[in-house]
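Written out below as structure tokens is the structure these notes cover.
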Amino acid sequence: QVPLVESGGGLVQAGGSLRISCESSGRAFGSYAWAWFRQAPGKEREFVAAVTWRAGKKVYLDSVEGRFAISRDSANNQVYLQMNSLKPEDTARYYCASRQSYCSGSGCYDSREYEDWGQGTLVTVSS
């Protein structure tokens, strides 16, 4: 069973908005933080945003701060990424991930510290 399941990806024009969601099947329950990563064709996977489960502290990649907003729904074990003012360079497969260990600031950026992952949802931004 896939621990995390993403949904909500699609095609959007530049300047538009999209919200993607991530739901836990149960294994990720009790994690310290959930995050969104993305991977564009031919590029390495990169951190986008993270939120700590209890305190709701948020961390963002500099290039998306002010445009993207991560949020969590504790009652339903879901995490969302609201993406506004989308740019063609935001085109990528977006992955949800969770981690058990503490992180703060850029310490949350390392994908190797995340134990559970979803299969990703594709976001395509046309110019």
Side-chain angles (χ1 to χ4, degrees):
Q1 188 177 15
V2 179
L4 299 169
V5 179
E6 303 93 338
S7 62
L11 175 65
V12 62
Q13 287 189 331
S17 297
L18 200 63
R19 190 179 83 155
I20 55 178
S21 304
C22 173
E23 183 173 6
S24 168
S25 65
R27 271 176 50 178
F29 180 73
S31 298
Y32 176 79
W34 289 32
W36 288 98
F37 287 78
R38 66 185 180 186
Q39 187 166 19
K43 294 188 176 181
E44 293 188 353
R45 189 171 298 189
E46 69 173 351
F47 172 87
V48 176
V51 59
T52 61
W53 198 249
R54 285 195 172 186
K57 292 184 178 180
K58 302 172 183 179
V59 180
Y60 294 97
L61 179 69
D62 286 348
S63 63
V64 307
E65 189 154 19
R67 298 191 298 123
F68 290 10
I70 189 170
S71 60
R72 77 203 190 294
D73 178 348
S74 304
N76 294 302
N77 275 345
Q78 295 198 358
V79 171
Y80 308 100
L81 186 68
Q82 176 67 43
M83 302 180 289
N84 301 321
S85 302
L86 281 160
K87 304 175 182 179
E89 51 263 42
D90 294 318
T91 294
R93 180 167 289 275
Y94 284 71
Y95 296 89
C96 181
S98 66
R99 62 185 288 162
Q100 299 293 329
S101 59
Y102 169 86
C103 70
S104 177
S106 60
C108 299
Y109 288 18
D110 190 347
S111 62
R112 295 170 296 180
E113 298 297 326
Y114 291 79
E115 296 89 5
D116 287 323
W117 291 82
Q119 294 182 322
T121 186
L122 184 62
V123 173
T124 303
V125 184
S126 63
S127 56

Test of understanding: with side chain to side chain contact (heavy atoms under 4.5 Å, CB included), list the residues that count as partners of S63, not counting sequence neighbours.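 Testing S63 for side chain to side chain contact (heavy atoms under 4.5 Å, CB included), a comparison that skips the adjacent residues, returns R38, L61.
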
Roughly how far, to the nearest 0.5 Å, is [atom2] of [Y] from [atom1] of [X]?
X	Y	atom1	atom2	value
S127	Q13	OG	CD	9.5 Å
S7	Q78	OG	CD	7.5 Å
D62	S106	CG	OG	10.0 Å
N76	S21	CG	OG	11.0 Å
R93	T124	CZ	OG1	9.0 Å

Could you label the plane-to-plane angle of the Y95 and W117 rings as parallel, tilted or perpendicular, counting under 30° as parallel and over 60° as perpendicular?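 If you compare the ring of Y95 with that of W117, the planes turn out perpendicular.
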
[Y] side chain reached by [X] side chain, heavy atoms, under 4.5 Å:
X	Y	result
W36	C22	yes
C108	Y114	yes
W34	R72	no
M83	I20	yes
D116	S31	no
Q82	S71	no

Please check if the side chain of [X] supplies one atom and the backbone of [Y] the other of a donor-acceptor pair under 3.5 Å.
X	Y	answer
E23	N77	no
K58	A69	no
E115	Q100	yes
T91	V125	yes

If every non-hydrogen atom of A49 is compared with every non-hydrogen atom of L81, which pair is closest and at what distance?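 A49 and L81 have their closest heavy atoms at CB-CD1, 4.3 Å.
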
I need the minimum non-hydrogen distance between A35 and F47, along with the two atoms involved.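 Of all heavy-atom pairs spanning A35 and F47, the closest is CB-CE1, 4.2 Å.
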
Common cluster, V12/Y94, ILVMFWY with side-chain heavy-atom separation under 4.5 Å: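 Per the 4.5 Å side-chain linkage, V12 and Y94 are co-clustered.
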
Given L18, which of L86, N84, L11, T121 fulfils the side-chain contact (heavy atoms from CB on, under 4.5 Å) condition?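 Only one of L86, N84, L11, T121 forms a side-chain contact (heavy atoms from CB on, under 4.5 Å) with L18, namely L86.
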
Hey, mind stepping through Y32 and Y102 against ring-ring contact (aromatic ring centres under 6.0 Å, His included) and telling me if it holds? CA-CA 6 Å; Y32 176 79; Y102 169 86; 5.4 Å; yes

A cation-pi test, strictly: NZ or CZ of R45 under 6.0 Å from the centre of the six-membered ring of F37 and no more than 45 degrees from its axis. Yes or no?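 Judged by the rule, R45 and F37 form no cation-pi pair.
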
